[in-house]
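Read through the structure below, which is laid out as structure tokens, and then see the notes.
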Amino acid sequence: MDLKQSIAELKKEKNAIILAHYYQIPEIQEIADYVGDSLGLSQIAAETDADVIVFAGVHFMAETAKILNPYKKVLLPDLEAGCSLAESCPSDVFERFVKLHPDHTVVTYVNCSAEVKALTDIVCTSSNTLKIIESIPEDQSIIFAPDRNLGKYIMKKTGRDMLLWDGSCLVHEAFSMDKLLALHKKYPDYKIIAHPESEEHILKTATYIGSTAGMIQYVKAHPKGKFIVATEAGILHKMRKEVPAAELIPAPTHEDNTCACSECAFMKVNTLQKLHDCLLNESPEIEVPKHIQKRALVPIERMLELSK
Ligand code: 13P
Ligand code: SF4
């Protein structure tokens, strides 16, 4: 029996659902029940009646699904699927930082650990950060963590001051401004679209800035458009599938790597074989200590409520 067929049978037998992020390899995106951005995936995780959730994404995403479903089995094909941005915010250091600013509302981007979420007032994703920040009274001071690039972008958009944590994503900081400008000079009719985790100078060049789902929507709205895409290259699979007539070039990085694009090594550790095996063995499983789960659930539910 081939892997795909076996996955389909195991899924049925175990009443499982497969959720995949847009940065996953095409084979995984193709067999997933739902492919989405962080917000979409957490919304599906909050509503599913499956007994087992296989999360084809990275650790913080599976952990968020577990926080929302403490009594369900949540599986991650490879526990090595971490996130450089989440790692840039260790919970013990963040706790001391939060304690130094007790009058601040703490907003954290979903790319962080369950322990950091447990120290948070409201979670956000790149889809809803603007809405979440605008829901907080203007005279209320805010700590925003862990992504400094998204934080700076939102500060510029809202004109609000926020206390920023100095974290970032290696994948989105790999784009080379010089190469991007050279590419744009060569293809002047291409528009640059970017994820807000990218650095300020890259965002300045962009016609559209948004979450992965937002970027796909933007390309869909311009089906014959030509775009240079500044985010993880896995997104191109969905864009090409949804909008075959669009012309897409991944934004170049400092490194001269084989794909001439930026790839998230964490997202790419998941394979179809590992996904199959984790469903078969019901392992590796995501566990969150009860006291952390209870505290981390509050800011996630606030986000989901504000995103309706
Ligand atoms: P999105 O929520 O926009 O999909 O972003 C997730 C992520 O990890 C970006 O690097
Ligand atoms: Fe984390 Fe960056 Fe990978 Fe997204 S692309 S999962 S933020 S390391």
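This structure is a prediction, so every number in the text was calculated from the model and none was measured. Whatever order the structure lists them in is the order used to number ligands and atoms, beginning at 1.
- Contact annotation: for Tyr23 versus ligand 1, heavy atoms closer than 4.0 Å belong to the side chain alone.
- Residue contacts with ligand 1: His21 is included, with a non-hydrogen atom under 4.0 Å away.
- For the pair Thr125 and ligand 1, no heavy-atom separation below 4.0 Å is found.
- Contact atoms of ligand 1 toward Ser211: 3 (O) (distance under 4.0 Å to a heavy atom of the residue).
- Under a cut-off of 6.0 angstrom, the local environment of CD in Glu80 is sparse, with at most 12 non-hydrogen atoms contributed by other residues, nucleotides or ligands.
- Using a 4.0 Å cut-off to heavy atoms of His172, the atoms of ligand 1 that qualify are 10 (O).
- Ranking protein heavy atoms by distance to atom 8 (O) of ligand 1, first place goes to Asn111 ND2, 3.2 Å.
- Of the charged side-chain nitrogens involved, at least one lies within less than 4.0 Å of a carboxylate oxygen, so that Glu282 and Lys73 count as a salt-bridged pair.
- For the pairing with Glu173, the side-chain hydrogen bond (donor to acceptor under 3.5 Å, both in side chains) check across Ser168, Ser262, Ser198, Ser84 returns one residue only, Ser168.
- The closest side-chain heavy-atom distance from Leu130 to Tyr153 is not below 4.5 Å.
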_What verdict does the ring pair (Phe, Tyr, Trp, His ring centres under 6.0 Å) test give for Phe144 and Trp165, after you've listed the backbone C-alpha separation in whole Å, the side-chain angles of each residue and the deciding distance to 0.1 Å?_
CA-CA 6 Å; Phe144 186 83; Trp165 185 262; over 10 Å; no
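- For ligand 1, the polar-atom distance check against Asp37 finds no nitrogen or oxygen pair separated by under 3.5 Å.
- Of the candidates Met215, Met267, His195, it is His195 that places a heavy atom closest to atom 5 (O) of ligand 1.
- In summary, the side chains of Thr108 and Thr120 do present a donor paired with an acceptor at a separation below 3.5 Å, with no hydrogens or angles considered.
- A donor and an acceptor atom, one from each side chain of Thr48 and Tyr34, are nowhere located under 3.5 Å apart.
- Counting heavy atoms closer than 4.0 Å to ligand 1, residue Glu197 contributes side-chain atoms (C-beta onward) but none from N, CA, C or O.
- Contact atoms of ligand 1 toward Ser38: 1 (P), 2 (O), 4 (O), 5 (O), 6 (C) (distance under 4.0 Å to a heavy atom of the residue).
- In terms of protein heavy-atom proximity, atom 3 (O) of ligand 1 is closest to Ser126 OG, 2.7 Å.
- There is a side-chain donor-acceptor pair under 3.5 Å between Tyr190 and Glu247.
- Side-chain atoms of Asp37 and Ser127 form a donor-acceptor pair, as typed in the model, at a separation below 3.5 Å.
- The count of protein N, O or S atoms under 2.8 Å from atom 2 (Fe) of ligand 2 stands at 1, with waters excluded from the count.
- Remark: the Glu200 side chain and the Asn149 side chain contain no N/O donor-acceptor pair separated by less than 3.5 Å.
- When Ile18, Leu10, Asp78 are each tested for a side-chain contact (heavy atoms from CB on, under 4.5 Å) with Leu275, only one passes: Ile18.
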